[in-house]
Amino acid sequence: MSETEGPYFKPSSPERRSLLEPGLKGPQVFLTGSVISIACRPVARALLDFWQADARGEYDNSGFRLRGHQYTDMMGRYQLETVLPGRYGGRTRHIHVKVQAPGTSVLTTQLYFPGERANLEDWLFRRELLMATREGADRIEAQFGFVIHA
Ligand code: FE
């Protein structure tokens, strides 16, 4: 399901699977999953463009900190290394993403973390957009599967 991109999207993010860099604060998050079509076929070479706030709830609007795009592999899989986004304004923690299969239109949406009290007070929050998370040894492991018209 689609959601607003909000005011902080920036085109031309770098291609990378890890948004980690020195100085980023907060717990690390390892997000994995796949992109499949509504006919349940993996979508290879789907574009995923992620962007998010830092631990203090701030976006980098001058550079590309915590912004990056990547393409799914032949099995439709993706993976993202990042940090837990902070809250800001009336927003609960979320990761923005644009998903686009080759030759189709862009799906713009947001992913949410389970167990956040602020989810219930955020009018953009949708249960369908919750990641599945668990505490790994040294980071939060999150999963989300995208189903798109492709
Ligand atoms: Fe946001």
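From a predicted model like this one, the values you see are computed outputs, not experimental measurements. Indexing begins at 1, ligand by ligand and atom by atom, following the structure's order. Sequential numbering from 1 along the given sequence is applied to the chain's residues. Note: hydrogens, waters and symmetry copies are ignored here, and every other heavy atom, side chains too, is used.
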> Is Glu5 salt-bridged to Lys98, cutoff N-O under 4.0 Å?
Replying inline: yes

> So with a 6.0 Å cut-off around CE of Met1, is the heavy-atom count from everything else above 12?
Replying inline: yes

>> Less than 6.0 angstrom separating the ring centers of Tyr88 and His94, yes or no?
In response: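 Yes - the distance between ring centres of Tyr88 and His94 falls below the 6.0 Å cut-off.
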
> Excluding waters, which protein N, O or S atoms are within less than 2.8 Å of the Fe ion (ligand 1)?
Replying inline: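 Hits for the Fe ion (ligand 1) below 2.8 Å: Tyr59 OH, Tyr88 OH, His94 NE2, His96 NE2.
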
> Should the pair Arg139 and Phe30 be classed as cation-pi, given the thresholds of under 6.0 Å to the six-membered ring centre and 45° from the axis?
Replying inline: yes

> Among the clusters formed by ILVMFWY side chains lying less than 4.5 Å apart, do Met74 and Leu48 turn up in the same one?
Replying inline: no

> Looking only at heavy atoms, what is the nearest atom pair of Gln52 and Tyr59, with distance?
Replying inline: C-CE2, 3.4 Å

